[in-house]
**Q** 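Have a look at this one.
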Amino acid sequence: MDEEEQREGKILNSFRKAIEQEEFQVYFQPKMDAKTLSICGAEALVRWKKDEETVWTPNVFIPLLEKAGFITELDFYVYEKVFQWMKKRSDQGEKLVPISMNVSRLHLKNPEKFTEKVFHLLMKYRIHTDDIIFEITESMYMEQPEVINEIIGKFHERGIRISMDDFGSGYSSLNMLKDILFDEVKIDRQFLEHELSERGKIVLQELFHMLRRMQKSIVCEGVETKEISDFLVQEGCDELQGFLYYQPMDEQAFQAVMAKETKKQK
């Protein structure tokens, strides 16, 4: 316990310095168009690069930063880094794909401040709202649906799309489905962790059918086998994300992948 407390203290005490020295790095995990299997977007993730040999994944530091209230600062750090990257690519005439970014639940304490800061960054970097998506988890929506709907309403006024992340992680209900204002539903990886049973396939088939009729885009994450990918494509999933295609990668690697994708499409 002493070692754990020391590690936690070290993480929290070094957070400000890490922000200033840009130790946090944005990683991208590409999303694939289910029809063409070409890159159609990416999710922005974060890694903490302590030194050349030590890179911390989110499970190491995110829970602590949430508990300490630092996570909102990290979110905006990531947003700004993504927008800087997008502006640089746009200025160079390079192709852009929509980038998804996560929203932490602490932003719900002051939704007006959250949306204002997002809009300020969009104007600062002149980002087209078609090129970004914000992901809000299903559990956040279930806890504060009115606040989430307020945020979605403001984002929709600016043409910003919202994705419901982790759908099916344990909170889903048919009653909730009929009222959601989200543009996209991201099916939780738990659906795909093991070989799909016949019953599992039926659940996904009916879920996809409902979502398509409601004109919601469908994204599946955690796709790791061709068998599951083929099933999802056949059933009308719009986008696929997972290790079968790409693992999260740093900015340089993602740029190389995008360049290869652009060359392939010419």
Side-chain angles (χ1 to χ4, degrees), residues 25-47 55-60 62 78 82 96-103 131-139 161-172 182-209 211-212 216-262 264-265:
Q25 295 189 356
V26 175
Y27 273 50
F28 298 88
Q29 186 174 26
K31 296 194 286 187
M32 313 300 289
D33 184 299
K35 293 185 176 67
T36 64
L37 292 185
S38 59
I39 295 175
C40 61
E43 180 179 1
L45 305 165
V46 66
R47 301 289 185 267
V55 179
W56 286 344
T57 52
N59 61 298
V60 174
I62 291 293
V78 171
V82 170
L96 287 174
V97 293
I99 304 296
S100 301
M101 292 162 285
N102 294 290
V103 177
D131 293 328
I132 59 171
I133 301 170
F134 283 97
E135 296 189 4
I136 297 175
T137 64
E138 176 190 86
S139 59
R161 289 172 290 162
I162 308 294
S163 174
M164 176 179 278
D165 194 15
D166 295 341
F167 181 83
S169 57
Y171 294 84
S172 308
F182 292 81
D183 307 282
E184 173 185 287
V185 173
K186 196 170 188 182
I187 307 298
D188 187 69
R189 64 180 63 247
Q190 291 181 16
F191 275 102
L192 311 175
E193 277 186 340
H194 308 289
E195 184 177 341
L196 275 175
S197 65
E198 287 305 310
R199 289 186 177 184
K201 289 180 179 179
I202 292 171
V203 170
L204 284 175
Q205 286 169 334
E206 297 305 316
L207 177 59
F208 286 7
H209 178 67
L211 292 173
R212 285 198 303 272
K216 307 295 182 185
S217 295
I218 305 169
V219 180
C220 284
E221 61 179 343
V223 181
E224 298 186 0
T225 69
K226 188 174 186 304
E227 178 186 2
I228 289 178
S229 173
D230 290 344
F231 169 78
L232 296 173
V233 171
Q234 177 184 319
E235 297 304 323
C237 182
D238 296 297
E239 297 178 6
L240 308 168
Q241 181 181 346
F243 287 3
L244 177 63
Y245 305 104
Y246 293 101
Q247 296 189 28
M249 61 189 75
D250 62 23
E251 180 181 311
Q252 186 175 358
F254 185 53
Q255 295 240 130
V257 166
M258 287 295 296
K260 187 182 296 184
E261 184 78 15
T262 301
K264 186 173 66 177
Q265 293 177 2

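Bear in mind the structure is a predicted one, so any value in this text is a computation, not a measurement. The chain is numbered in sequence order, starting from 1. These values consider heavy atoms only, across backbone and side chains, with no hydrogens, waters or symmetry-generated copies.
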**Q** Could you check if a side-chain atom of D250 sits within less than 4.5 angstrom of a side-chain atom of Y27, using non-hydrogen atoms only?
**A**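 SC-SC contact between D250 and Y27 confirmed.
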**Q** Out of curiosity, F28 CZ to M249 CE, how far, rounded to the nearest 0.5 Å?
**A**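 Between F28 CZ and M249 CE, I get 10.5 Å after rounding to 0.5 Å.
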**Q** Hey, is E221 close enough to K186 for a salt bridge, meaning N to O under 4.0 Å?
**A**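 Looking at K186 together with E221, the answer is yes, because their closest N to O distance falls below 4.0 Å.
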**Q** If you take all heavy atoms of L45 and R47, which pair is closest and at what distance?
**A**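 Reported closest heavy-atom pair: CB-NH1, 3.9 Å.
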**Q** Rounded at 0.5 Å granularity, tell me how far CD in Q255 sits from CD in Q252.
**A**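 CD of Q252 is found 8.5 Å from CD of Q255.
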**Q** In Å, rounded to the nearest 0.5 Å, how long is the span from OH of Y245 to CD of E224?
**A**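 If I round to the nearest 0.5 Å, the distance is 11.5 Å.
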**Q** Using a 3.5 Å distance criterion without hydrogens, assess whether the side chain of N102 forms a donor-acceptor pair with backbone atoms of E135.
**A**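 No; judged by distance alone, with no hydrogens or angles, the pair does not exist.
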**Q** Taking atom NZ as the centre, does K201 end up with more than 12 heavy-atom neighbours from other residues, nucleotides or ligands that are less than 6.0 angstrom away?
**A**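 More than 12 heavy atoms, drawn from other residues, nucleotides or ligands, come within 6.0 Å of this atom.
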**Q** Would you check if I162 and M164 make a side-chain contact, meaning some heavy-atom pair closer than 4.5 Å?
**A**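 Of all side-chain heavy-atom pairs linking M164 with I162, none is under 4.5 Å.
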**Q** Minimum heavy-atom separation for V185 and K216, please, with both atom names.
**A**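 Here V185 and K216 meet closest at CG2-CB, 4.4 Å.
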**Q** According to side chain to side chain contact (heavy atoms under 4.5 Å, CB included), who are the partners of V233, at least two apart in sequence or on a separate chain?
**A**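 For V233, the residues satisfying side chain to side chain contact (heavy atoms under 4.5 Å, CB included) (neighbours in sequence not counted) are A34, S229, L240.
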**Q** Tell me, with the steps shown, if Y246 and I39 meet side chain to side chain contact (heavy atoms under 4.5 Å, CB included).
**A** CA-CA 10 Å; Y246 293 101; I39 295 175; 3.9 Å; yes
**Q** Okay, side chain of E239, backbone of K31: is any donor-acceptor separation there less than 3.5 Å?
**A**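 No, E239 side chain to K31 backbone: no donor-acceptor pair under 3.5 Å.
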**Q** Identify the heavy atoms of P98 and C40 that sit nearest to each other, and give their distance.
**A**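 Taking P98 first and C40 second, the nearest heavy atoms are CD-O, 3.3 Å.
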**Q** Tell me yes or no: between the side chains of E184 and S163, is some donor less than 3.5 Å from an acceptor?
**A**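 On atom types as modelled, these side chains qualify, holding a pair under 3.5 Å.
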**Q** Which heavy-atom pair separates R161 from D183 by the least distance, and what is that distance?
**A**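 What the structure gives for the nearest pair is CA-OD2, 3.3 Å.
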**Q** Report the distance from atom SG of C237 to atom CZ of R212, rounding to the nearest 0.5 Å.
**A**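 Here the interatomic distance stands at 10.0 Å.
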**Q** Is the backbone N or O of I218 less than 3.5 Å from a side-chain atom of D238, with the two atoms forming a donor-acceptor pair by type?
**A**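 Present.
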**Q** Please examine the side chains of I187 and L207, heavy atoms only from C-beta on, and report whether any two atoms are closer than 4.5 Å.
**A**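 Contact flag for L207/I187 side chains = yes.
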**Q** Flag the pair L196 / E227 as yes when at least one side-chain heavy-atom distance between them is below 4.5 Å, and no otherwise.
**A**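 L196 vs E227: side chains apart.
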**Q** For the residue pair E261 and S38, what are the closest heavy atoms and their distance?
**A**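 Looking at all heavy atoms of both residues, the shortest contact is OE2-CB, 2.8 Å.
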**Q** I want to check something: taking the side chain as every heavy atom from C-beta on, are L204 and F231 in contact at a cut-off of under 4.5 Å?
**A**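 Answer yes - side chains close enough.
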**Q** For residues Q205 and E235, is any side-chain donor paired with an opposing acceptor at under 3.5 Å?
**A**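 Q205 vs E235: donor-acceptor pair found between side chains.
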**Q** Look up atom OG1 in T137 and atom CG in D165, then write down how far apart they are to the nearest 0.5 Å.
**A**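 Taking OG1 in T137 and CG in D165, the distance rounds to 7.0 Å.
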**Q** Tell me, do Q29 and F243 make a side-chain contact under 4.5 Å, heavy atoms counted?
**A**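 When only atoms from C-beta onward are counted, F243 and Q29 do touch, with a gap below 4.5 Å.
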**Q** Atom CD1 of I99 and atom CG of D131: how far apart are they, to the nearest 0.5 Å?
**A**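 So the CD1 of I99 and the CG of D131 are separated by 8.5 Å.
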